[in-house]
Amino acid sequence: MTVTGQLELVAIDAPDIRKLADFYAALTGWTIAHEEPDWIALRASDGQEVAFQLAPDHVPPKWPGQEQPQQLHLDLLVDGYQAAAERAVGLGATRLADGPTWVTLADPAGHPFDLCQRDGVGPELALFAVTIDTDDAAGLARFYADLMGMEITYEGPEGAMAAGYGKSVMFQQVAGYTPPRWPDPQAPQQAHLDILVEDLDAGERRAVELGARRFEDTPPSFYVFADPSGHPFCLTVES
């Protein structure tokens, strides 16, 4: 396998990144790793990061459904998911649905996320996976696995998973899937992946070879692409 890069983080759009970062920090126990006026990144003790990107014209998703779809969501592990859900509501989340071992909530910016039961998780919540909606879960899993040097660890009718170097990305099969139309704020990306590469031009060649499409009008310090399902993602280099 030709490895282009490694998953760095997922960045979530919000009109008030301080409010959203404070919400997730209080809920998860993660700490601030980096902060700028338009960007705040939280880091878990295992090194995984979730960032919040300023999007003043952000249109929140309406879950469920594809009229204003979620596009991506976080799956968080906790021992005692019902108590964690109650705490999340107290911090500003909205409870959306209950599953057998998980609760789906919307964060203060409207992004759905799941709190999933995992016995033995410590006081800090763990990021199990970023889950991406698509109409071709198996195909998108192969795209990202090849792009990020991961292995496909699961494939089934409801979705697929790619994992490697302590990180996981899931791909959820969605009927009637509606892709984002970035940068149109009326069909927002909602969130995107940042992928670290050693060389942007070599990374571009590999991404396009695998089926991505580059957006041309982007800064020279990073390249923005659409994956085969239309989700924007960024190739970046170590600063």
Side-chain angles (χ1 to χ4, degrees), residues 1-12 28 30 33 41-51 53 70-77 102 111 113-114 116 118 121 125-174 177 179-180 182 189-214 222-239:
M1 182 193 307
T2 301
V3 176
T4 292
Q6 286 198 351
L7 175 62
E8 181 182 22
L9 53 79
V10 59
I12 299 173
T28 63
W30 303 343
L42 298 182
R43 181 179 295 151
S45 60
D46 64 1
Q48 296 202 73
E49 293 188 13
V50 173
Q53 178 173 264
Q70 63 178 353
Q71 302 295 356
L72 287 78
H73 74 270
L74 303 181
D75 285 303
L76 303 173
L77 300 177
W102 71 87
H111 299 286
F113 66 95
D114 287 344
C116 309
R118 175 67 61 87
V121 175
L125 273 64
L127 176 59
F128 174 65
V130 178
T131 299
I132 302 176
D133 290 355
T134 176
D135 57 359
D136 182 9
L140 199 60
R142 287 192 295 271
F143 168 82
Y144 277 109
D146 288 345
L147 184 61
M148 301 190 300
M150 290 181 164
E151 299 291 335
I152 295 176
T153 57
Y154 176 79
E155 187 174 328
E158 74 282 11
M161 176 183 289
Y165 42 89
K167 298 181 179 181
S168 298
V169 183
M170 294 198 298
F171 305 90
Q172 182 168 261
Q173 189 74 29
V174 174
Y177 168 69
W182 187 87
Q189 63 178 352
Q190 301 296 353
H192 74 273
L193 302 183
D194 277 358
I195 299 168
L196 283 173
V197 295
E198 294 183 357
D199 180 272
L200 286 174
D201 292 330
E204 176 184 8
R205 289 191 294 271
R206 180 60 174 159
V208 171
E209 173 189 321
L210 291 170
R213 173 176 57 89
R214 183 181 170 190
F222 59 89
Y223 293 173
V224 183
F225 300 81
D227 69 24
S229 289
H231 300 285
F233 67 93
C234 293
L235 295 186
T236 67
V237 293
E238 291 278 9
S239 57

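Each residue takes its place number in the sequence, starting with 1.
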Phe128 vs Cys116 side-chain heavy atoms within contact, under 4.5 Å
no
Report the distance from atom CD of Gln70 to atom NE2 of His111, rounding to the nearest 0.5 Å.
10.5 Å
Do Ile195 and Tyr144 make a side-chain contact, defined as non-hydrogen atoms from C-beta onward lying under 4.5 Å apart?
yes
I'd like to know if the side chain of Thr236 pairs up with that of Asp194 as donor and acceptor (distance under 3.5 Å, no hydrogens or angles considered).
no
Side-chain heavy-atom pair Leu9, Val50 within 4.5 angstrom cut-off
no
For Pro179 and Gln71, the nearest pair of non-hydrogen atoms, with its separation, is C-NE2, 3.7 Å
If every non-hydrogen atom of Ser229 is compared with every non-hydrogen atom of Tyr177, which pair is closest and at what distance?
O-OH, 3.1 Å
Are Asp201 and Tyr223 linked by a side-chain donor-acceptor pair shorter than 3.5 Å?
yes
Residues that Arg213 engages under side chain to side chain donor-acceptor pair (under 3.5 Å), provided they are two or more places apart
none
Identify the heavy atoms of Val121 and Ala126 that sit nearest to each other, and give their distance.
CG1-N, 4.4 Å
Distance, nearest 0.5 Å, that separates CG of Asp146 from CG of Leu210:
5.5 Å
Can you measure from OG1 (Thr28) to CZ (Phe113) and round to the nearest 0.5 angstrom?
10.0 Å
Using side chain to side chain donor-acceptor pair (under 3.5 Å) as the criterion, list what pairs up with Gln173, not counting sequence neighbours.
none
Run the salt bridge (charged side-chain N to carboxylate O under 4.0 Å, His left out) test against Arg205 and tell me which residues pass, sequence neighbours left out.
none
Residues at least two apart in sequence or cross-chain that pass salt bridge (charged side-chain N to carboxylate O under 4.0 Å, His left out) with Glu198, listed by chain then number, are none
Does Val130 form a side chain to side chain contact (heavy atoms under 4.5 Å, CB included) with Leu74? I'd like the steps, not just the answer.
CA-CA 5 Å; Val130 178; Leu74 303 181; 4.2 Å; yes
Taking only residues two or more places apart in sequence or in another chain, which ones pass side-chain contact (heavy atoms from CB on, under 4.5 Å) with Ala44?
Trp30, Asp46, Glu124
Quick one: does any side-chain atom of Gln48 pair with a main-chain N or O of Leu127 as donor and acceptor, under 3.5 Å?
yes
Return a table of donor-acceptor pairs under 3.5 angstrom between the side chains of residues 163-172 and protein atoms on other chains or two or more places apart.
residue, atom, partner, partner atom, Å
Tyr165, OH, Leu7, N, 2.9
Tyr165, OH, Met148, O, 2.7
Lys167, NZ, Leu7, O, 2.8
Lys167, NZ, Glu8, O, 3.1
Gln172, NE2, Asp133, OD1, 3.0

If I compare all heavy atoms of Ala137 with all of Ala160, which pair ends up nearest, and what's the gap?
O-CB, 3.9 Å
Taking every non-hydrogen atom, the tightest pair across Pro232 and Trp182
CG-CB, 3.4 Å
Within a strict 4.5 Å, meaning less than it, do heavy atoms of the Val197 and Arg206 side chains meet?
no
Within this structure, what is the CG-CD distance for the pair Leu235 and Glu204, rounded to the nearest 0.5 Å?
8.5 Å
Find the distance between CG (Leu72) and CD (Gln190) and round it off to the nearest 0.5 Å.
9.0 Å
4.5 Å side-chain heavy-atom contact, Pro180 and His231
yes
Gap between atom CG of Asp227 and atom CG of Leu147 - 0.5 Å precision
9.5 Å
With the side chain counted from C-beta on, respond yes when Leu196 and Val237 share a heavy-atom pair under 4.5 Å apart, and no when they do not.
no
Are His192 and Cys234 packed together at the side-chain level, in the sense that at least one heavy-atom pair is separated by less than 4.5 angstrom?
yes
